[in-house]
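Written out below as structure tokens is the structure these notes cover.
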Number of protein chains: 2
Amino acid sequence: MDQKVDTRSRILNIAEAAVLEKGFEATSIEEIVAGAEISRGGFFYHFKDKNALARAMLERYIDAENALYDDLFARARELNDDPLHCMLIGLKLLAEMLEEMPTGHPGCVIASTAYQDRLFDEGVRDLNRQAILGWRKRFRGMFEEITQVYEPREAVNMDALGDMVSGVVEGGLVLQRALREHNNASEQIMLFRTYLKLLFADKQ
Amino acid sequence: MDQKVDTRSRILNIAEAAVLEKGFEATSIEEIVAGAEISRGGFFYHFKDKNALARAMLERYIDAENALYDDLFARARELNDDPLHCMLIGLKLLAEMLEEMPTGHPGCVIASTAYQDRLFDEGVRDLNRQAILGWRKRFRGMFEEITQVYEPREAVNMDALGDMVSGVVEGGLVLQRALREHNNASEQIMLFRTYLKLLFADKQ
DNA sequence: ATCCTGACTGTACTGCGAGTCCAGTTGACC
DNA sequence: GGTCAACTGGACTCGCAGTACAGTCAGGAT
């Protein structure tokens with residue numbers, strides 16, 4: 001129970017790698033079971049269909065992403081107590097993290113899921129939606145803290161600004177994937193960081 | 001030859017609507033031929049396989065998008081000769097255009113293709129890449145014109161800033177699609193517009 | 001009038017992958 | 001020794017992509 005990873009997790013690991021590399025539809029159950037060294041029957045024992053697999057993968061991915069953000073901004077907070085600088089440091093850390101991934105970031109499952117959503121059931125779609133709404137709330141909260149200290153130079157909708165973090169990451173990953181370049185996402189985050197510096201230049 | 005749309009275009013129209021609504025994989029040749037009222041043989045007469053269809057669709061989509069940008073910024077230029085204001089007006093027009101689409105923007109084929117790229121051959125992938133590089137060049141050119149008149153408050157990489165237009169649109173469309181909201185993309189564009197206003201605030 | 005060609009129709013076939021069904025095996029723990 | 005969870009293995013259906021090919025049909029070219 002400690003030495004060998006349990007089968008379900010092994011399936012998820014193999015599937016995640018394959019799906020991030022080539023997409024959900026292009027990944028066959030055949031190759032997943034081959035990679036995990038189980039039988040087709042074994043796969044369907046754990047997941048009633050591909051939809052259930054997608055759902056489990058998405059849940060795991062979202063949890064990991066949230067844990068990453070928690071960690072990143074906690075570290076940033078340790079370095080600087082000012083909410084703006086905390087945000088700026090967190091974004092820098094995020095950008096660095098994306099750059100350090102040798103093959104480039106695996107690519108956000110959110111976008112991939114969004115564009116193939118007819119393949120999935122309502123549960124999967126809703127999971128996706130809730131994840132983005134969660135990030136909106138997280139970042140809007142951080143931006144509201146900033147506005148208590150800094151006067152924004154231009155009026156902006158805080159929900160939209162919160163969404164922009166996710167949007168810039170997603171958009172950057174799309175570019176990176178399509179262009180086959182390696183640091184578009186981190187560059188885009190750094191540009192967004194500059195935006196925040198310009199927006200919150202003056203203390204209240 | 002005038003009255004009825006030729007079969008190839010009819011196939012592309014039907015396919016485009018279906019693909020934008022539910023994705024490429026989820027669209028079967030069966031339903032395309034049913035919609036276009038032709039036989040399966042007829043379909044394969046025009047397109048050797050689904051890949052050729054994807055390629056033709058992408059070509060048409062990219063041409064349309066480029067024509068749209070040409071038109072938008074030409075109109076903006078008529079309204080104001082200053083390169084910054086031309087850019088700001090063009091983005092406003094783009095945002096308005098996205099909002100006016102009742103069902104929301106169909107969703108950019110670029111992102112969709114990027115995340116399913118293993119389904120496609122090198123030709124399709126390259127088409128995608130070239131399109132984004134074209135937009136990078138277009139917007140970088142516009143930003144360089146702006147910097148000849150306005151001093152940017154912060155140093156930014158002009159290629160990355162050019163990419164940010166595409167990235168913000170793509171990212172916004174991903175959010176919109178996943179959230180099932182209607183104006184995220186236009187909101188994101190307006191936020192990016194504010195960024196430019198802050199970045200190029202002072203004349204040289 | 002005839003021939004040719006481009007644009008199809010219609011049918012029959014292969015092959016792959018998802019998903020179902022189910023009978024049987026194996027190892028752990030109670 | 002019995003029970004149960006975690007499988008294996010094989011046979012089957014179904015939908016869809018793609019192949020193959022024979023035949024039809026309208027409209028020029030000669």
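Each chain gets a letter, A, B and so on, in the order the sequences are listed, and its residues count up from 1. If you're wondering where the values come from, they're calculated on a predicted model, not measured in any experiment.
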Quiz prompt | Partners meeting salt bridge (charged side-chain N to carboxylate O under 4.0 Å, His left out) with A/Glu78 (sequence neighbours left out) | solution = none
Quiz prompt | Pairs touching residues 87-98 of chain A that satisfy salt bridge (Lys or Arg N to Asp or Glu O under 4.0 Å), sequence neighbours left out | solution = A/Lys92-A/Glu96
Practice problem: Please list all pairs passing the salt bridge (Lys or Arg N to Asp or Glu O under 4.0 Å) test where one or both residues lie in residues 186-198 of chain A, with sequence neighbours left out. | Solution: A/Lys197-B/Glu154
Holding to ring pair (Phe, Tyr, Trp, His ring centres under 6.0 Å), I want the full list of residues that pass it with [X], two or more places apart in sequence or in another chain.
X: B/Tyr195; value: A/Tyr195
X: B/Phe47; value: B/Phe43
X: B/Tyr150; value: none

Quiz item: Looking at DNA chain D, which of residues 38-52 of chain A put a heavy atom within less than 4.0 Å of it?
Solution: A/Ile38, A/Ser39, A/Gly41, A/Gly42, A/Tyr45, A/His46
Quiz item: the helix from C/dA1-D/dT30 to C/dC30-D/dG1: angle between its terminal axes, five pairs each, to 10°?
Solution: 0°
Exercise. Output yes when at least one side-chain N/O atom of A/Thr7 is less than 4.0 Å from OP1 or OP2 of D/dC7, else no.
Key: yes
Nucleotide [N], atom [atom2] - distance to [atom1] of [X] in whole Å:
X: A/Arg10; N: D/dC7; atom1: CZ; atom2: C1'; value: 11 Å
X: A/Glu37; N: D/dT8; atom1: CD; atom2: P; value: 10 Å
X: A/Glu25; N: D/dC16; atom1: CD; atom2: C1'; value: 11 Å
X: B/Phe120; N: D/dA17; atom1: CZ; atom2: P; value: 13 Å

Practice problem: With sequence neighbours excluded, tell me which residues meet side chain to side chain contact (heavy atoms under 4.5 Å, CB included) with B/Arg60. | Solution: B/Leu12, B/Asn13, B/Glu16
Quiz item: Who pairs with A/Asn51 by side chain to side chain contact (heavy atoms under 4.5 Å, CB included), at least two apart in sequence or on another chain?
Solution: A/Asp49, A/Phe120, A/Asp121, A/Val124
Quiz item: Taking A/Phe143 as the fixed residue, which of A/Asp159, A/Leu161, A/Leu199 is the one that meets the side-chain contact (heavy atoms from CB on, under 4.5 Å) rule?
Solution: A/Leu161
Quiz item: Listed by chain and number, what are the side chain to side chain donor-acceptor pair (under 3.5 Å) partners of B/Arg180, not counting sequence neighbours?
Solution: A/Asp117
Quiz prompt | Electrostatic pair A/Glu31:A/Lys22 at N-O distance under 4.0 angstrom | solution = yes
Self-check item: Where chain A begins and ends its contact with DNA chain C, read 5' to 3' at 4.0 Å from heavy atoms
Solution: C/dG17 to C/dT20
